[in-house]
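Report on the following structure.
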Amino acid sequence: MVMALAASMMAAMDTRYVIRPDAQGYTVRDLWSGEPARLAGSPQVGLSQDDAEHTADLLNRTTVEDGSAQHAAGP
């Protein structure tokens with residue numbers, strides 16, 4: 001039970017990017033800044049649900065592997 005709780009808490013800590021509905025589709029939101037995530041300088045807003053889920057997953061995996069997502073967050 002303790003191991004399952006610890007694994008769940010670690011997974012939650014690894015989630016920096018989430019998707020939220022917006023007026024044109026979905027936004028990938030950076031929970032650390034509260035702003036839309038930026039990829040190559042472009043805010044990730046108005047995406048299809050599939051694209052938003054894929055982008056959030058990619059950014060979250062990059063954050064875990066690198067320890068941060070400074071390169072993905074943009075300026």
Side-chain angles (χ1 to χ4, degrees):
M1 178 70 175
V2 172
M3 292 300 288
L5 180 58
S8 175
M9 289 174 62
M10 289 301 291
M13 288 173 40
D14 292 343
T15 303
R16 176 175 177 176
Y17 299 95
V18 296
I19 67 168
R20 298 288 186 255
D22 66 28
Q24 290 81 35
Y26 289 85
T27 292
V28 179
R29 184 154 306 276
D30 180 346
L31 293 176
W32 292 5
S33 71
E35 299 292 323
R38 291 184 171 269
L39 194 58
S42 298
Q44 299 302 291
V45 299
L47 304 174
S48 70
Q49 185 173 358
D50 286 341
D51 286 345
E53 288 173 354
H54 175 78
T55 301
D57 182 55
L58 176 68
L59 290 171
N60 282 320
R61 281 189 281 132
T62 302
T63 301
V64 171
E65 290 170 4
D66 293 348
S68 75
Q70 294 295 326
H71 63 281

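Computed from a prediction, not measured in an experiment: that's the story for all the values here.
Note that CG of L59 is 13.0 Å distant from CZ of R38, once rounded to the nearest 0.5 Å. Annotation: the span from L58 atom CG to E53 atom CD amounts to 13.5 Å, rounded to 0.5 Å. To the nearest 0.5 angstrom, T55 atom OG1 is 14.0 Å from Y26 atom OH. Rounded to the nearest 0.5 angstrom, D30 CG and R16 CZ are separated by 4.0 Å. Note that OG1 of T27 is 9.5 Å distant from CD of Q44, once rounded to the nearest 0.5 Å.
The shortest distance between side-chain heavy atoms of Q24 and V45 does not fall below 4.5 Å.
D22 approaches G46 most closely through the heavy-atom pair OD2-N, 2.9 Å. Annotation for V28 and Y17: closest pair CG1-CB, 4.0 Å, computed over non-hydrogen atoms.
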